[in-house]
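Since the structure comes first, as structure tokens, the remarks are kept for the end.
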Amino acid sequence: TSPPANVEIPFTAPLPLDLISFSGKQLNEQINLTWKTANEINFSHFEVQKSADAKEFGSIGMVNGNNSSIYNFVDSQPIEGVNYYRLKMVDLDGSIKLSNIININFEQYGEYIAVENPAINGEFNVITNLKNPKFTLLSSLGSKVNIQIIDSNIRGYRINVTSAPAGVYYLNILSNGKVATKKLVIP
């Protein structure tokens with residue numbers, strides 16, 4: 001059925017694109033932003049904007065539209081703490097649309113912990129930049145298992161667990177009043 005002749009039907013121009021996702025993460029000493037789009041029609045470019053307070057934004061770069069639907073941008077100068085980002089999407093006719101604001105917490109010299117899994121020949125490596133960590137290995141039942149640190153260097157620690165039978169274990173790493181837990185398999 002068609003509408004009565006005296007009713008106006010509003011005309012809505014299509015948006016230049018659909019923003020499917022927009023996210024970011026710290027990668028070493030920078031923040032990597034990624035986003036996905038669909039239905040790019042007459043689209044010009046993205047202006048990447050940043051703020052320290054989520055109120056006043058400034059441009060930190062531009063990414064041309066290329067119909068690839070997957071984009072990224074690296075902020076090589078993030079500020080310590082929370083960084084807020086948004087995308088200004090610009091159509092060929094100059095019309096604009098702003099994305100939602102995302103925030104990424106940037107920790108310069110951020111802490112990291114990686115446990116090589118599974119243990120090989122009763123040994124495993126813990127790669128970390130934590131200062132003076134204390135390690136405790138617990139069985140899946142919660143009982144403490146004897147470990148021996150056989151080597152430590154700037155990259156991390158080599159730990160011996162030959163006294164432990166095969167199974168799943170939990171390595172607690174205590175440093176600066178915080179505890180991190182990592183799963184470890186001993187075959």
Side-chain angles (χ1 to χ4, degrees), residues 19-38 46 48-54 60-61 63 68-87 99-187:
L19 185 62
I20 306 299
S21 65
F22 179 36
S23 62
K25 65 180 177 181
Q26 181 174 342
L27 191 61
N28 298 319
E29 299 305 313
Q30 51 196 19
I31 291 179
N32 189 25
L33 301 171
T34 57
W35 60 97
K36 292 181 183 177
T37 65
F46 299 92
V48 181
Q49 298 182 334
K50 177 175 151 181
S51 171
D53 61 6
I60 59 170
V63 177
S68 73
S69 77
I70 298 174
Y71 296 90
N72 72 345
F73 180 85
V74 174
D75 179 2
S76 59
Q77 297 180 326
I79 58 172
E80 183 80 21
V82 180
N83 292 258
Y84 297 92
Y85 298 94
R86 72 181 181 192
L87 298 172
S99 73
N100 289 337
I101 297 169
I102 64 169
N103 63 62
I104 295 105
N105 190 36
F106 176 76
E107 292 182 29
Q108 191 168 19
Y109 315 112
E111 297 174 341
Y112 60 87
I113 304 167
V115 176
E116 293 181 343
N117 247 318
I120 298 172
N121 298 325
E123 295 181 355
F124 66 96
N125 289 313
V126 176
I127 301 165
T128 183
N129 65 347
L130 295 175
K131 303 280 188 263
N132 302 315
K134 304 288 183 235
F135 301 101
T136 307
L137 188 65
L138 301 174
S139 72
S140 57
L141 300 174
S143 59
K144 191 174 176 180
V145 177
N146 287 331
I147 61 173
Q148 179 186 7
I149 297 173
I150 54 176
D151 186 27
S152 65
N153 58 46
I154 197 161
R155 275 193 77 228
Y157 301 84
R158 185 147 192 78
I159 299 176
N160 182 300
V161 288
T162 53
S163 63
V168 175
Y169 293 84
Y170 298 93
L171 181 68
N172 289 334
I173 303 114
L174 173 66
S175 179
N176 295 329
K178 295 187 240 175
V179 176
T181 302
K182 300 289 184 177
K183 194 175 185 179
L184 174 68
V185 175
I186 300 177

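Throughout, residue positions are numbered sequentially from 1 according to the sequence presented.
- Asn117 places a side-chain N or O within 3.5 Å of a backbone atom of Lys183 that can act as its donor or acceptor partner.
- Minimum interatomic distance between Pro78 and Lys50 (heavy atoms only, all atoms of both residues): CA-NZ, 3.5 Å.
- The list of ring pair (Phe, Tyr, Trp, His ring centres under 6.0 Å) pairs with a residue in residues 147-187, not counting sequence neighbours, reads Phe135-Tyr157.
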Worked verdict on Thr34 versus Asn72 for side chain to side chain donor-acceptor pair (under 3.5 Å): CA-CA 4 Å; Thr34 57; Asn72 72 345; over 6 Å; no

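- Relative ring orientation between Trp35 and Tyr71 is described as parallel, the plane-to-plane angle staying below 30° on a 0-90° scale split at 30° and 60°.
- Summarising the geometry, atom CG belonging to Asn83 is positioned 8.5 Å from atom CD1 belonging to Ile60; distances are rounded to the nearest 0.5 Å.
- In this structure the side chain of Thr136 reaches within 4.5 angstrom of the side chain of Lys144, judged on heavy atoms.
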Side chain to side chain donor-acceptor pair (under 3.5 Å) between Asp75 and Tyr85, worked out: CA-CA 10 Å; Asp75 179 2; Tyr85 298 94; 2.6 Å; yes

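- Shown here for Ala166 and Pro187, the closest heavy-atom pair between the two residues is CB-C, 3.5 Å.
- Smallest separation of non-hydrogen atoms from Arg158 and Asn125: NH1-OD1, 2.8 Å.
- In this structure, CD1 on Ile102 lies 5.5 Å from CG on Leu33, to the nearest 0.5 angstrom.
- More than 12 non-hydrogen atoms from other residues, nucleotides or ligands lie less than 6.0 angstrom from CG of Asp53.
- No more than 12 heavy atoms of other residues, nucleotides or ligands sit less than 6.0 Å from atom CD of Gln77.
- Atoms CG and CZ, from Asn103 and Arg86 in turn, are 14.0 Å apart once rounded to the nearest 0.5 Å.
- With sequence neighbours excluded, the residues forming a salt bridge (Lys or Arg N to Asp or Glu O under 4.0 Å) with Lys178 are Glu111, listed by chain and number.
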Residues Gln148, Asn160; criterion side chain to side chain donor-acceptor pair (under 3.5 Å); working and verdict: CA-CA 5 Å; Gln148 179 186 7; Asn160 182 300; 4.9 Å; no

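- A 4.5 Å side-chain heavy-atom check between Ile104 and Lys25 finds every atom pair outside the cut-off.
- Expressed to the nearest 0.5 Å, how far CG of Asn132 lies from OG of Ser152 amounts to 9.5 Å.
- Under the 4.5 Å side-chain criterion, counting only non-hydrogen atoms from C-beta, Ile150 is not in contact with Ile159.
- Using a distance-only test at 3.5 Å, with no hydrogens or angles considered, a donor-acceptor pair links the side chain of Ser99 to the main chain of Leu87.
- You'll find the side chain of Leu138 stays beyond 4.5 Å of the side chain of Val145, heavy atoms only.
- The shortest heavy-atom contact between Ile186 and Ala119 is CG1-CB, 4.2 Å.
- Atoms CG and CD, from Asn105 and Gln26 in turn, are 8.0 Å apart once rounded to the nearest 0.5 Å.
- The shortest non-hydrogen separation linking Gln30 to Phe106 is N-CE1, 4.0 Å.
- Looking at heavy atoms from C-beta onward, Thr181 lies out of side-chain contact with Ile173 at the 4.5 angstrom threshold.
- No side-chain heavy atom of Ser69 sits less than 4.5 Å from a side-chain heavy atom of Lys36.
- Here Glu116 contributes atom CD and Phe124 contributes atom CZ; the two are 10.0 Å apart, rounded to the nearest 0.5 Å.
- Residues Leu171 and Val126 meet the side-chain proximity criterion, which asks for heavy atoms closer than 4.5 Å.
- At a threshold of 4.5 Å between non-hydrogen side-chain atoms, the residues Val168 and Leu184 do not count as touching.
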